[in-house]
Each structure stands twice: as structure tokens, then as C-alpha cells.
Amino acid sequence: MADNKIIEVKDLAVRYGDRTILENVNFQINRGEIFVIVGGSGCGKSTLLRQLIGLETPTKGDIYFENINFTSADKKQKNQILRRFGVLFQSSGLFASMTLAENIALVLEKYTDLPEDKIEKIIEMKLDAVGLNGFQDFLPSEISGGMKKRAAFARSMALDPDVLFFDEPSSGLDPVTSASLDELIVQINRGLGTTMVIVSHDLASILSVAHRIIMLDKSQKGIIAAGTPDELRNSPDERVYNFFNRIAS
Ligand SMILES: Nc1ncnc2c1ncn2[C@@H]1O[C@H](COP(=O)(O)OP(=O)(O)O)[C@@H](O)[C@H]1O
Ligand SMILES: [Mg+2]
């Protein structure tokens with residue numbers, strides 16, 4: 001069978017001091033899928049995401065990217081892997097004093113030796129891809145929250161990443177804007193085959209984008225369910241069933 005995994009998490013544990021947040025966490029993310037990490041507030045979703053993008057190192061266990069042990073990789077190897085990741089945090093993270101074009105240029109100038117005209121071309125393409133054609137000279141403060149997310153999305157795609165990570169992409173957005181961001185995620189995933197790893201607790205959004213889901217639980221300190229949206233909606237586990245069928249828990 002073809003090995004389709006792009007990321008693998010093996011026996012991960014995360015402790016802060018003597019407090020265990022995650023333990024015995026095992027899963028894999030397949031190339032080209034939209035993989036969603038769900039669970040209630042404080043169950044460790046953002047913690048897990050920070051592990052996946054190498055911002056923090058595991059207390060125990062290993063994370064593999066394309067079968068390379070990312071956790072024990074040296075600095076150079078780690079940077080090569082990080083170069084292939086795009087990340088969108090909860091707040092857009094755009095630099096307020098820079099135009100959208102300058103925000104994207106910053107990434108391209110830092111990580112490539114491309115000449116200015118090529119950089120301009122890429123900026124145009126990326127803004128176009130997120131529906132922000134013509135907004136390159138706007139400052140973040142001059143556009144709406146939804147547009148800021150799109151601009152941050154464009155910036156995270158500047159280096160044509162293999163994997164895009166999102167932490168709560170729809171937080172702070174109204175349902176319509178949030179739905180259009182979901183559409184964009186699906187469209188980019190289909191068009192470019194970019195693997196998407198999304199942390200979310202927005203059920204409508206989860207069900208409209210996810211190919212596969214893992215659900216974390218605070219008292220379990222780890223995964224309580226894994227599968228397709230349909231599988232989780234029909235889960236025999238009450239906690240999972242309630243979450244996916246929106247019964248207050
Ligand atoms: N750097 C940290 N130091 C200590 N505790 C932390 C740290 N980061 C997160 N936590 C704790 O870990 C738990 C999970 O947090 P988090 O991953 O942010 O949850 P979620 O994103 O699912 O809401 C919380 O109880 C939080 O207080
Ligand atoms: Mg979080």
C-alpha cells in the first residue's frame with residue numbers, strides 16, 4: 001500500500017510543570033487531506049498545533065514529517081521542514097504598519113532570493129487566490145476582519161507550503177464570513193492539493209470542510225475519537241455524539 005502519510009504523531013505527551021495536558025497521542029495526517037482537530041475549550045488543541053509546527057518540543061514522543069523525525073531533527077533540518085509549512089494563528093498576525101503587499105513580501109524576502117518583479121508577481125497571484133485582488137496597498141486597519149484573515153491566508157501561502165495549519169480560523173468572524181473562509185480553504189485544498197490542519201470548535205465549519213477529524217478531551221488528556229465527519233456524528237461515545245449532534249454538554 002502506498003504510504004500516504006505526511007505527518008505522524010507517535011506516543012506524544014505534553015506536560016507543563018507537573019500538569020499533563022496530552023498523553024498517549026497517536027495519529028497520522030494524510031497528504032492532501034483537510035484534517036480537523038476538535039474538542040472543548042482548554043483540551044489542548046492549540047497545544048497540539050504548537051507541537052506540530054515545532055514551536056514547542058514534546059515531553060515525550062515524536063513527530064514525523066515525511067518519515068523524518070522532526071522532533072529530533074537538527075536546526076537545519078527543522079528549518080527545511082518549517083519552510084514547507086504555512087501557519088495562520090487565531091489573530092491574523094499581520095504587521096499593522098505594513099500594506100498587505102509588504103506583509104507578503106516580507107516572507108518572500110526572508111526565505112527566497114527572488115528578484116523584486118517576481119516577488120510582486122507572486123504577491124499579486126496570492127492576493128488574487130484569496131479574492132483580494134486590488135488590495136495590495138491597503139493597510140490591515142483599512143480592511144474588514146474577514147479580509148484580514150484572507151490576507152493572512154495569502155501570506156501563509158507565499159512559499160507554496162505543503163501543509164497549512166490554522167488555529168480557529170473562524171474565530172471572531174460572523175457566520176457568513178466564516179463560511180466564505182471555509183469555502184476558500186476547500187477551494188485551495190482542491191486546487192493545489194495543500195494539506196490542511198485546522199483546529200476548530202465551530203461545528204458548522206468542521207462539518208463543511210473536514211475529511212478526517214480527531215477529537216480531544218480534557219479529562220482524557222488525548223484523543224477520544226478519530227474518523228470521518230459521518231463516523232463521528234454516529235459515534236457510540238456520548239461525548240463525541242453530543243458534540244457532533246450539538247447537544248449541550
Ligand atoms: N505554555 C503553557 N504553560 C502552561 N500551561 C499551558 C500552556 N499552554 C497551554 N497551557 C494549558 O494547557 C491547557 C490546554 O490549552 P490549549 O491548548 O490552549 O487549549 P485549547 O486550544 O484546546 O483551548 C489549558 O489548561 C492551558 O491553560
Ligand atoms: Mg486554542
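Indexing begins at 1, ligand by ligand and atom by atom, following the structure's order. Every heavy atom of this structure was used, including side-chain atoms; hydrogens, water molecules and symmetry mates were not. In this text, all values refer to a predicted model and were calculated from it rather than measured experimentally.
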If you look at every heavy atom in Arg15 and Thr59, which pair is closest and at what distance? N-OG1, 2.8 Å

Listing by chain and number, which residues have a heavy atom under 4.0 Å from ligand 1? Tyr16, Arg19, Ile21, Gly40, Ser41, Gly42, Cys43, Gly44, Lys45, Ser46, Thr47, Arg50

Closest approach of Ser156 and Pro161, non-hydrogen atoms and distance? O-CG, 3.4 Å

Between side-chain atoms of residues 222-236 and protein atoms elsewhere (two or more places apart, or another chain), which donor-acceptor pairs fall under 3.5 Å?
residue, atom, partner, partner atom, Å
Thr228, OG1, Glu231, N, 3.1
Asp230, OD1, Arg233, NH2, 2.6
Glu231, OE1, Thr228, N, 2.9
Asn234, ND2, Asp230, O, 2.9
Ser235, OG, Asp237, N, 3.0

At their closest point, which heavy atom of Arg239 faces which heavy atom of Met215, and how far apart are they? O-CE, 4.0 Å

What lies under 2.8 Å from the Mg ion (ligand 2), restricted to protein N/O/S atoms, is Ser46 OG

For atom NE2 of His201, is the number of surrounding heavy atoms from other residues, nucleotides or ligands below 6.0 Å larger than 12? no

Is the closest basic N to carboxylate O distance between Glu66 and Arg31 below 4.0 Å? yes

Asp113 atom CG: more than 12 heavy-atom contacts under 6.0 Å: no

Side-chain ion pair, Lys221 and Glu23, N-O less than 4.0 Å: no

Checking Phe85 now: which residues fulfil ring pair (Phe, Tyr, Trp, His ring centres under 6.0 Å) with it, not counting sequence neighbours? Phe65, Phe165

